[in-house]
Amino acid sequence: MKKFLALALSALTLAFGALFFAACSPDDPDPGKDPDTDGSGTGTAEEAVADVYAPDGAPALALAQLMSEEMQFGGEVTYNVVAASTIQTYVTGEDPQAELCILPVNAAAQALGKGDDYKMLGTVTHGNIFVLSAASNNFETLTADNLGEQLLGKTVGCIQLQQVVGLTLRIVLENNNIPYEIVEDVSQATEDDVVYLLNISDPATMIVPTAEYDYMVAAEPVVSAKVTGTQGKLEVVGDLQALYGGENGWPQAVLVGKTSFVEECPNFVESFCEALVDNAAWLADEDTAASTVIDAVAAHLPDGATPTFSEKNLTKEVIANCAIRFEYAADCKAEVNAFLDVLSDVAGKDFTVNDSFYYDRAAELTAA
């Protein structure tokens with residue numbers, strides 16, 4: 001009887017230990033990855049179980065190589081590409097599904113900015129927004145020096161006018177002291193000393209010569225597709241990233257990690273982020289075919305869904321215009337805070353975040 005009880009207690013102890021260490025165990029590194037060179041500086045990456053989510057479009061490109069090669073980082077990773085309109089649902093609620101998730105910086109700040117449930121690990125995209133016009137208008141290329149002269153009295157149709165794209169456009173106008181007014185119809189554009197902004201609910205309406213706006217603000221790959229599809233009757237006349245200022249664009253989409261996950265699995269998180277850094281060069285490499293990238297995204301979409309990108313619109317130029325580049329939270333914190341400050345002013349709502357929202361990479365790796 002004593003022997004039976006001893007065996008039973010041993011079995012329970014082993015079972016409890018297995019449950020406790022199931023999320024992150026350093027004993028089973030990815031067979032395709034050198035366990036001593038996982039980039040963490042601490043040996044192997046943990047055997048983590050992670051559901052990763054990204055919205056279709058440019059943010060999904062930030063995971064393209066990882067999905068193409070089904071990188072597991074010594075654990076069990078499931079990649080999911082979903083509709084942009086649903087991405088916030090995976091990091092909210094009582095039991096959020098995503099261990100790691102890419103979403104717009106304003107959505108991340110508003111939903112997760114306290115830093116309790118999720119930490120921002122870094123920025124993954126830096127703006128893919130451009131200004132189009134009919135070539136027949138013969139408009140000059142927009143610069144910070146001529147912006148007011150070119151835009152005053154004109155109508156500007158903008159996708160997602162009340163979201164981060166439109167808010168960034170308004171930041172650019174305010175930074176250049178250019179007055180603007182949001183209107184419902186071009187017939188309301190009657191003055192020469194105001195820029196008139198209108199929402200474009202469907203980018204398909206940007207068709208020359210029927211487009212009713214003087215300028216149109218849209219995202220890649222729609223921009224290049226419209227230029228090509230109209231045989232050059234639409235042309236790019238402005239780069240919103242350059243107009244915002246500097247060579248780095250603006251923090252558009254960010255990667256967040258569930259707080260409990262990043263604290264338990266810092267080595268895994270480090271390896272994952274290093275793969276995102278490498279992904280940018282992989283996308284730009286001439287040996288990486290568009291079909292490889294598209295297949296990687298398509299394979300992780302819901303059944304029946306098709307990716308935003310296709311072999312016709314995913315050129316190396318479009319990839320460059322999507323500004324896919326991973327920057328660690330510590331390196332872009334000041335930039336993100338500055339952007340959220342001006343975003344708050346323009347939007348009339350508070351997007352500012354706590355310091356605890358930003359992942360303390362050095363502290364977590366030291367603790368590990």
Side-chain angles (χ1 to χ4, degrees), residues 11-55 59-60 62-82 86-103 108 111-112 115-122 124 254-279 296-297 299-303 326 329 359-361 364-365 367-368:
L12 285 171
T13 301
L14 288 171
F16 178 78
L19 286 171
F20 184 79
F21 290 107
C24 302
S25 169
D27 297 327
D28 186 21
D30 187 335
K33 191 176 186 70
D34 184 344
D36 294 323
T37 57
D38 67 349
S40 67
T42 58
T44 61
E46 301 94 338
E47 185 181 359
V49 178
D51 283 328
V52 181
Y53 287 84
L63 297 174
Q65 184 182 16
L66 286 69
M67 294 189 294
S68 178
E69 299 177 14
E70 288 292 346
M71 294 185 185
Q72 298 297 298
F73 307 101
E76 182 180 336
V77 184
T78 303
Y79 297 98
N80 305 274
V81 180
V82 299
T86 68
I87 192 62
Q88 197 165 324
T89 64
Y90 299 98
V91 292
T92 53
E94 291 185 5
D95 187 20
Q97 293 176 251
E99 274 71 45
L100 299 168
C101 184
I102 294 174
L103 68 167
L112 312 171
D116 295 336
D117 300 321
Y118 283 85
K119 307 290 186 186
M120 186 190 119
L121 303 178
V124 298
V254 298
L255 174 70
V256 300
K258 189 177 288 186
T259 299
S260 57
F261 180 80
V262 299
E263 289 176 351
E264 293 167 4
C265 307
N267 296 341
F268 175 93
V269 170
E270 178 70 3
S271 296
F272 190 93
C273 290
E274 286 186 349
L276 294 185
V277 173
D278 295 339
N279 176 77
V297 174
H300 297 88
L301 281 165
D303 290 342
F326 184 79
Y359 178 57
D360 191 340
R361 176 189 179 203
E364 292 296 344
L365 290 176

Asker: Can you confirm whether Met71 sits close enough to Phe73 that some side-chain heavy atom of one is under 4.5 Å from a side-chain heavy atom of the other?
Answerer: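 A side-chain contact exists here, since the closest heavy-atom pair is under 4.5 Å.
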Asker: Of the non-hydrogen atoms in Val81 and Ala60, which two are nearest, and what is the gap between them?
Answerer: CG1-CB, 4.0 Å
Asker: Would you find more than 12 non-hydrogen atoms of other residues, nucleotides or ligands less than 6.0 Å from Glu76 atom CD?
Answerer: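 No - once you tally the heavy atoms of other residues, nucleotides and ligands closer than 6.0 Å, there are 12 at most.
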Asker: Parallel, tilted or perpendicular: which one describes the rings of Tyr79 and His300, with boundaries at 30° and 60°?
Answerer: perpendicular
Asker: Rounded to the nearest 0.5 Å, what separation is found between the CG atom of Leu103 and the CG atom of Leu112?
Answerer: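 Nearest 0.5 Å value for the CG-CG distance: 6.5 Å.
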Asker: Find out whether Val124 and Val254 are in side-chain contact, i.e. whether some heavy atom of one side chain is under 4.5 Å from a heavy atom of the other.
Answerer: no
Asker: Report yes or no: does Thr259 contribute a side-chain atom to a donor-acceptor pair with the main-chain N or O of Asp116 at less than 3.5 Å?
Answerer: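 Yes, because the side chain of Thr259 sits within donor-acceptor range (under 3.5 Å) of the backbone of Asp116.
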Asker: Do you know the tightest heavy-atom contact between Phe261 and Glu99?
Answerer: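 The pair with the smallest heavy-atom distance is CD1-CG, 3.6 Å.
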Asker: Would you indicate whether the side-chain heavy atoms of Leu276 and Leu255 approach each other to under 4.5 Å?
Answerer: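 Leu255 vs Leu276: side chains touch.
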Asker: Can you give me the closest heavy-atom contact between Ala98 and Val91, atom names plus distance?
Answerer: CB-CG1, 4.2 Å
Asker: Does the side chain of Leu63 reach to within under 4.5 Å of the side chain of Phe272, using non-hydrogen atoms?
Answerer: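 A side-chain contact under 4.5 Å exists here.
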Asker: Distance from Lys119 atom NZ to Ser260 atom OG, nearest 0.5 Å?
Answerer: 10.5 Å
Asker: Do Val256 and Tyr359 come within less than 4.5 Å of each other through their side chains, counting heavy atoms only?
Answerer: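 Not touching, per the 4.5 Å side-chain cut-off.
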Asker: How about Ser271 and Asn267: do any of their side-chain heavy atoms sit closer than 4.5 Å?
Answerer: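 With C-beta onward as the side chain, the pair stays apart.
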Asker: If you take all heavy atoms of Pro96 and Tyr90, which pair is closest and at what distance?
Answerer: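 Closest approach of Pro96 to Tyr90: CB-O, 3.7 Å.
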Asker: Taking all atoms of both residues into account, what is the closest heavy-atom pair of Gln65 and Asn279, and its distance?
Answerer: N-OD1, 2.9 Å
Asker: Which distance, rounded to the nearest 0.5 Å, do you find between the CG of Asp278 and the SG of Cys273?
Answerer: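 Rounded to the nearest 0.5 Å, the CG-SG separation comes out at 11.5 Å.
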Asker: side-chain contact (heavy atoms from CB on, under 4.5 Å), that's the test. Do Thr78 and Val52 meet it? Break it down for me.
Answerer: CA-CA 6 Å; Thr78 303; Val52 181; over 6 Å; no
Asker: Can you name the residues that form a side chain to side chain donor-acceptor pair (under 3.5 Å) with Tyr53, not counting sequence neighbours?
Answerer: Gln97
Asker: Test of understanding: with side-chain contact (heavy atoms from CB on, under 4.5 Å), list the residues that count as partners of Ala299, not counting sequence neighbours.
Answerer: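 None.
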Asker: Judged by atom type as modelled, is there a donor-acceptor pair below 3.5 Å linking the side chain of Gln72 to the main-chain atoms of Val77?
Answerer: yes
Asker: Search all heavy atoms of Leu100 against all heavy atoms of Gly257 and return the closest pair with its distance.
Answerer: CD2-CA, 3.8 Å
